[in-house]
Structures are given as C-alpha cells and as structure tokens.
Colleague: 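For reference, the structure I am asking about is given below.
Letters A, B, ... mirror the listed sequences (proteins, then strands); counts begin at 1. The basis for the numbers below is simple: all heavy atoms, side chains too, and nothing from hydrogens, waters or symmetry mates.
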2 protein chains.
Amino acid sequence: MAASPQKVSESTVRRLSLYLRFLEEFEEKGVTTVSSEELAGRGGTTAAQVRKDLSIFGSFGKRGLGYAVPLLGREIRRILGLSRSWRVALVGAGRIGAALFEYPNFRTRGFRIVTVLDHDPKKVGRLWDGTRIRHVDTLEETLRETKVDIAILAVPEEVVQDVVDRVVSVEIKAILNFAPTQLRVPNDVVVNDVNMAMELEALSFALVNRALR
Amino acid sequence: MAASPQKVSESTVRRLSLYLRFLEEFEEKGVTTVSSEELAGRGGTTAAQVRKDLSIFGSFGKRGLGYAVPLLGREIRRILGLSRSWRVALVGAGRIGAALFEYPNFRTRGFRIVTVLDHDPKKVGRLWDGTRIRHVDTLEETLRETKVDIAILAVPEEVVQDVVDRVVSVEIKAILNFAPTQLRVPNDVVVNDVNMAMELEALSFALVNRALR
DNA sequence: ATAGAATTGTGAACGTTTTCACAAACTCCC
DNA sequence: GGGAGTTTGTGAAAACGTTCACAATTCTAT
Ligand SMILES: NC(=O)c1ccc[n+]([C@@H]2O[C@H](COP(=O)([O-])OP(=O)(O)OC[C@H]3O[C@@H](n4cnc5c(N)ncnc54)[C@H](O)[C@@H]3O)[C@@H](O)[C@H]2O)c1
Ligand SMILES: NC(=O)c1ccc[n+]([C@@H]2O[C@H](COP(=O)([O-])OP(=O)(O)OC[C@H]3O[C@@H](n4cnc5c(N)ncnc54)[C@H](O)[C@@H]3O)[C@@H](O)[C@H]2O)c1
C-alpha cells in the first residue's frame, strides 16, 4: 500500500497535480471532505478516474464519506515528491528565464531557483534578487557546488543540446526544456518540454478540423 | 484520402508538429528524401508510428524510397492548418506576455499577435513594436474589430476565468492558457494549457520514483 | 441496533493507441 | 529487363488507459 509497485502513467501524474490544486482550493474555502465526484467535477475527468488514480498509491478515502481534504493533499504531495523542496538551476537569463525567475509561485510550491547561468557578459555578474548570475562556462562546478536537482533550460535552440550535454554530465536527472528542440539524453534522464509552438499548432489543427467533429 | 474522415488523436497531432520541425531541419541541410526510420530516429518515436500517423491523412511516401522532404512538409503544414496565417490576441502584457510578444518565432510560423490587451493603466496606451496596448474593458469590440482567431491568456489566475468568459462570448474558439487554472468553456472551444508548475511536479515525481523503474 | 443512504476501491469490460509483421510497390544496378 | 534490396501502407495483435458496475464499508438517523 505504501510504496507504488505498479507502473504509473504520465496522465495519472498530471491528474494528481491537478487534484492537488483543487484540494488546495477546497482547503482555502474551509471544505474538510470531498468526494471523488466533486474532485472530478472541478476539472476534465470522471469520478471513477479519480478513484483509480488514487488507488494506485493506496486507500485514502472513507467509504460513504469521501476524502479528508488536508490528508489527501498531504498524501498527493508525498506521492509527487513535494514534501521536500527541490534545488533548481536556471540556464538562460533571457526573456523566458526572467519571467520564470520572477514568478513567485514556483518557490512557494517547493522549487527554489538557487542558480542562474548565462552566456552574455552583460548579464553575468548581475545580482538578481540575491542570486548572482554566473557564467555558463562554470556550469559543471556551479551545479555541483549548489547541489542542483533540476535544470530549467531557457537558452536559444541552437545551443540547447550543448547545454544539456553538460548538464547531464554532472548527473542531473531532471530537465525542463523551453527550446523547441527534441533533446538527446541518456534514458535515466527525464526531460519535460514546454513547447508553445506545438500548442499553437495543435490549436490551429483544431480550428481547421472543427467542422469534422 | 484528401479529407480526414477518421478521428485524430491528440498525440498524433503533437507528433505531426514534431515531424514538421524535423523536416525543416532536413530541408535546411539539403536532404531531399527521408525514411520513416530517419524521421523517427530524430525524436522519441518509432518508424511504424510515423507511418501510421501519416497514413491517417493520406499516402505521401514512395515505397522503396521514403518521403520527399519538401512535399511532406507542405502536406503536414496543410493538415495542421499552417498554410494560412492566424490572428492572435494576447491578453495580459506582464512578464510572460512580454516574452511571448517579443518572441519572433511565432510570427514566422504563421501566428501574428495583432492585439494586446491589459488592465494596468500604466501599460494601456503604450506602443509595443507598432501595436498599441488596449484596455481589457474594450476586449469584446477589439477582438471583433481585429478579427482574432486565437487568444493567448497570460493574466493572473484570479481573473482568468472572467477573461475567458468574455473571450468566448465573441466566438473565439481556440485559447492558449498560461494560468494554472482549469478553465470552464463551452465544448466547441478548444483550450490548450501551458502549465509549468505541472511540468515541474511531474519531474519531481520522476525523481522520487526513479529507483522504482 | 438497524435500516437506509452515500461513497470508496477494484476486477472486468471496453476503447484507444502503439507495435508488429508482411505483402505491395518502388529503386537501383548489372 | 530482372533480381536484389528498400521502404511504404496497413490489417492484426498487443499494450495501455478509461469507464463500468457493484460488493464492501462507513456514516446518519431513528
Ligand atoms: N520568449 C518566448 O516567448 C518563447 C516561446 C517559446 C519558446 N521559447 C524558447 O525559449 C528559449 C529562450 O527564449 P527567450 O525568448 O528567453 O530567448 P532570449 O534570447 O531572450 O534569452 C536567451 C538567453 O540565453 C542566453 N544564452 C545564449 N547562449 C547561451 C549559452 N550557451 N549558455 C547560457 N546562456 C546562453 C542569452 O544570453 C540570453 O540571455 C529559446 O529556446 C526559445 O526558442 C521562447
Ligand atoms: N511568469 C511565469 O514564469 C509564469 C509561470 C507559470 C505560470 N504563469 C502564469 O501566467 C500568468 C501571467 O503571469 P505573469 O508572470 O506574466 O504575471 P504578471 O503579473 O507579470 O502579468 C500579468 C499581467 O496581466 C495584467 N492583468 C491583470 N488583470 C488583468 C485583467 N483582468 N485583464 C487583462 N490584463 C490583466 C496585469 O496588468 C499584468 O500586466 C499567470 O496566470 C501566472 O500564474 C507565469
């Protein structure tokens, strides 16, 4: 029950993330108990799906009642690995990089940007809210020194493969990539892409095929 | 053959987007023909998958040879609706909004930001590279006047549902949402989310469950 | 205590997506 | 022109993910 022996699908993980957000909203409103029905109603899924997702990891509800909001929140946070806080490096202090760095929500959710790296001499050395921007030439030693768990890559697509190779060389196992490039990494490294062009293209497809649905 | 009578899965659309990018790379290198094998090798999929994806829409290859790079590129662009250019509104001229607006890649791929709206009196009236920022109070008339097809929402999560309701009221059918909020829209409206917090949480999950795989 | 109402947890059914495997179609070279 | 070598397009099989349906459990009220 405690461990998760089964294979967990990508979609289940995404939905857990969603449920957690809903639970936080319920908690703010002072709701103490929710049913799978209510949890599903808040977003694009079904009550059965909610129960299946949760049942992979254990049995957190009470039959006839539902789920205790704070408890389920804690459990999902534990499952997702959000009980601890993660040390994050930001490579590329450009437009996207700056937006991410200034966004307070990541820190409150346990992702602390402890390192910022850039290539541009005009940016290197600057102090961003207490964090000194370091030169990307020092990437390997800096990531090791600052004990980084996760790297966010917000560099131009032309250089992103070089950067990722170096990031991988210091045993970083998790990468969030903003460049519209399919990265080549060893298969014990997880890469998640934020590919906005792809999202827009999917919208375009939906628009031209609207009639056919 | 010409039309697409079948149901097309989300993942197929995403992969088409990917193939298009690879084709553009091949085209730049002067490669005239690629096999499904080569197309698959560039990214995380298989040759059979490539062929299945394409076969939904027609038969674009030559047995024994492969696919003609420029032709397949044109076909995928047509399938995705990228032959035309799309008129895009940006709501929220904050950090993310500014990064998106300044990003030249969208325009070159056929997505033109023709309208920028914000709430902040300090921002309204400013000229961003030829585009005047208009007050969000004029959203309905502005979107109609500027014939917008797609809305990008980069506003705080507290107001995003209000904004989306108004966007939907003027018959916009495609939305790219950056707020970490599950939007409620009629079901003829397509919403794609860019949820970075969710991506980070998925990385967190992958890190804590690394051992179990 | 017990009946009645609510809701979970889960095996089984179903549907969708991916992979397999191979005949058909094409190329290339001798 | 024919045979060897490729590679596509696609049914069929396998894997995977979602939905169904219901016994088991808990709560509430009397
Ligand atoms: N801006 C957007 O809206 C947007 C949208 C989609 C995708 N992207 C992608 O995100 C990435 C960043 O985009 P951006 O708009 O922030 O670009 P940007 O040019 O504003 O920033 C890139 C930053 O990376 C730095 N850099 C360049 N080479 C480097 C290296 N080798 N090592 C470290 N830093 C280096 C630059 O000095 C700059 O500060 C790009 O890959 C882009 O394609 C951006
Ligand atoms: N910055 C990031 O890295 C980041 C990361 C993930 C998600 N997001 C999400 O993206 C959205 C925008 O984030 P941001 O960092 O750019 O915020 P921001 O505060 O920098 O920008 C928000 C902009 O929206 C404007 N605005 C406020 N209310 C408005 C309204 N009713 N109508 C129109 N405009 C209005 C503000 O004036 C401001 O210009 C938020 O929902 C945020 O949660 C941001």
Colleague: When you check the side-chain N and O atoms of A/Thr142 and A/Thr115, is any donor under 3.5 Å from an acceptor?
Modeller: no
Colleague: Between the protein and nucleotides 26-30 of chain C, list every N/O to N/O distance that falls short of 3.5 Å.
Modeller:
unit_1, atom_1, unit_2, atom_2, d
C/dC26, O4', B/Arg63, O, 3.4

Colleague: Does any pair with a residue in residues 164-175 of chain B pass salt bridge (Lys or Arg N to Asp or Glu O under 4.0 Å), and if so which ones, sequence neighbours excluded?
Modeller: B/Glu140-B/Arg166, B/Glu171-B/Lys173, B/Lys173-B/Asp188
Colleague: Quick one: on DNA chain D, does B/Ala47 or A/Ser11 contact a more 5' nucleotide (nearest heavy atom)?
Modeller: B/Ala47
Colleague: Within a strict 4.5 Å, meaning less than it, do heavy atoms of the B/Tyr67 and B/Leu23 side chains meet?
Modeller: no
Colleague: List the steps, then state whether salt bridge (charged side-chain N to carboxylate O under 4.0 Å, His left out) holds for B/Glu201 with A/Arg21.
Modeller: CA-CA 12 Å; B/Glu201 288 174 12; A/Arg21 198 161 269 279; 5.5 Å; no
Colleague: When the distance from CG of A/Leu54 to C1' of C/dT10 is rounded to whole Å, what number comes out?
Modeller: 13 Å
Colleague: Hey, which sits more toward the 5' end of DNA chain C by its nearest nucleotide, B/Lys52 or A/Tyr67?
Modeller: A/Tyr67
Colleague: Is the closest side-chain heavy-atom distance between B/Tyr19 and B/Asp53 below 4.5 Å?
Modeller: yes
Colleague: Compare side-chain N and O positions of B/Thr46 against OP1 and OP2 of C/dT19 and report whether any pair is under 4.0 Å apart.
Modeller: yes
Colleague: Pick base, sugar-phosphate or nothing for B/Thr12, based on heavy-atom distances below 4.0 Å to the nucleic acid.
Modeller: nothing
Colleague: Would you check, one step at a time, whether the test salt bridge (charged side-chain N to carboxylate O under 4.0 Å, His left out) holds for B/Glu141 with B/Arg144?
Modeller: CA-CA 5 Å; B/Glu141 47 192 290; B/Arg144 266 196 281 253; over 6 Å; no
Colleague: Give the rounded distance in Å between these two atoms: CG of B/Leu72 and C1' of D/dG9.
Modeller: 14 Å
Colleague: Give a yes/no answer on whether the side chain of B/Arg15 brings an N or O atom under 4.0 Å of OP1 or OP2 in C/dT18.
Modeller: yes
Colleague: Rounded to the nearest angstrom, tell me the gap between atom CD in B/Glu37 and atom P in C/dC20.
Modeller: 12 Å
Colleague: Quick one: is A/Gln49 getting a side-chain N or O under 4.0 Å of the D/dG17 phosphate, OP1 or OP2?
Modeller: no
Colleague: If you compare every side-chain N and O of B/Ser36 against the phosphate oxygens of D/dT8 (OP1, OP2), does one of them come in below 4.0 Å?
Modeller: yes
Colleague: OP1 or OP2 of C/dG9 versus the side-chain N and O atoms of A/Arg51: is any pair under 4.0 Å?
Modeller: no
Colleague: CD of B/Glu10 versus P of C/dT17: gap in Å, rounded?
Modeller: 10 Å
Colleague: Side-chain N or O of A/Ser59 less than 4.0 angstrom from OP1 or OP2 on C/dG9?
Modeller: yes
Colleague: Would you list the atom pairs, donor with acceptor, under 3.5 Å between side chains in residues 147-157 of chain A and any protein atom, with sequence neighbours excluded?
Modeller:
unit_1, atom_1, unit_2, atom_2, d
A/Asp149, OD2, A/Arg84, NH2, 3.2
A/Asp149, OD2, A/Arg87, N, 2.8

Colleague: How close or far is atom P of D/dT8 from atom CZ of B/Phe60, stated in whole angstroms?
Modeller: 14 Å
Colleague: May I have the distance from B/Ile56 (atom CD1) to D/dT8 (atom C1'), rounded to whole angstrom?
Modeller: 16 Å
Colleague: For the pair made of OH in B/Tyr19 and C1' in D/dT8, what is the distance, rounded to whole Å?
Modeller: 14 Å
Colleague: I need the CZ-C1' distance between B/Phe57 and D/dT10, as an integer number of Å.
Modeller: 16 Å
